[in-house]
Amino acid sequence: MLTSRRGAAEIASIIRREIEQGRLAAQERLPAERTMAETYAVARGTIREAIGRLAEEGLVEVRRGSGAYVRAENAQQLNPVIQQARPLELIDARFALEPHICRLAVLHARDGDLERTEALLARMEAAAHDPSEFAAADTVFHTVLAELTGNNLLVWIINQINSVRSQEQWSRMLLMTNTPDMIRTYNQQHRQIVDAIRSRDSEAAATAMKSHLESARLALMRAASA
């Protein structure tokens, strides 16, 4: 079988849309790896990695000896608000939430919890020339920050916001804004956020997140006016 150049990040994005748009139902078993590899013309290892990423995001559950299943709480018709949200609306919503998420992470995260962020930082730093891979890891990174708060409602809200990032309009903007230089800037800001949380400096963490989101807002505005 000839394989395409699609990576695990792109395959994960395709499956994510299938789930969020209701084409894969709650508790539905995903097709076998071999079947999916043939469908998307990629290697089985690429499928396995894509499913692993979706499991990390909480969209699917991998059951040993049985396969991967859509998690019930994430299988729902995409809300029209999410379908119609513009990229700048996404950034504004994140401005309202994520700086305070950083403050709460300072209060509630244990040192061991931060090891998850270190692995994601390394993954994003290795993706300076791969916008799709960077975006996939970036989505998980911001979800993990919410999880560090211990507040399940905030995690749910961030997952709803992240649903916007799977939309085609957002995917097009990523190609325009996630240049190697911009990704390097984002990665430096991500490290500043984690370092501030690790140092238990809530205001520094919130300020670092605001700077990060402002960079993203400016990049989107430049892309929209191009």
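- Taking each heavy atom of Val106 and Ala196 in turn, the nearest pair found is CG2-O, 4.3 Å.
- With no hydrogens or angles considered, no side-chain donor-acceptor pair links Asp113 and His108 at under 3.5 Å.
- In this structure the side chain of Leu104 reaches within 4.5 angstrom of the side chain of Leu154, judged on heavy atoms.
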**Request:** Assess whether salt bridge (Lys or Arg N to Asp or Glu O under 4.0 Å) is satisfied between Asp111 and Arg200, documenting all intermediate values.
**Result:** CA-CA 10 Å; Asp111 290 338; Arg200 305 300 174 182; 3.3 Å; yes
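- Atoms CD1 and OH, from Ile14 and Tyr40 in turn, are 6.0 Å apart once rounded to the nearest 0.5 Å.
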**Message:** Evaluate Arg217 against Leu88 for side chain to side chain contact (heavy atoms under 4.5 Å, CB included), listing each step before the verdict.
**Reply:** CA-CA 7 Å; Arg217 183 203 290 272; Leu88 287 175; 4.1 Å; yes
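- Between Asp195 and Arg198, none of the side-chain N atoms (NZ, or NE/NH1/NH2) sits under 4.0 Å from a carboxylate O, so this pair counts as no salt bridge.
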**Request:** For the pair Glu56 and Arg116, evaluate salt bridge (Lys or Arg N to Asp or Glu O under 4.0 Å) and give the outcome as yes or no after the intermediate values.
**Result:** CA-CA 11 Å; Glu56 189 177 34; Arg116 293 179 64 194; 5.5 Å; no
**Candidate pair Leu148 and Thr117, rule side chain to side chain contact (heavy atoms under 4.5 Å, CB included), full reasoning** = CA-CA 10 Å; Leu148 294 180; Thr117 65; 4.3 Å; yes
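- The line from CD of Glu49 to CG of Leu54 is 11.0 Å long, rounded to the nearest 0.5 Å.
- Residue Glu98 is tested with His142, His212, Lys210 for a side chain to side chain contact (heavy atoms under 4.5 Å, CB included); the sole match is His142.
- In the displayed structure, Arg34 atom CZ is contacted under 6.0 Å by at most 12 heavy atoms of other residues, nucleotides or ligands.
- In this view, Arg191 and Glu118, Glu125 satisfy the side chain to side chain donor-acceptor pair (under 3.5 Å) rule, not counting sequence neighbours.
- Looking only at side-chain heavy atoms (C-beta outward), Ile158 and Leu145 stay at 4.5 Å or farther from each other.
- In this structure, CE in Met209 is found 10.5 Å from CG in Leu97, a value given to the nearest 0.5 Å.
- For the pair Leu107/Ser202, no side-chain contact is recorded, criterion being any heavy-atom separation below 4.5 Å from C-beta on.
- With hydrogens and angles disregarded, a donor-acceptor distance shorter than 3.5 Å links the side chain of Thr149 to the backbone of Asn151.
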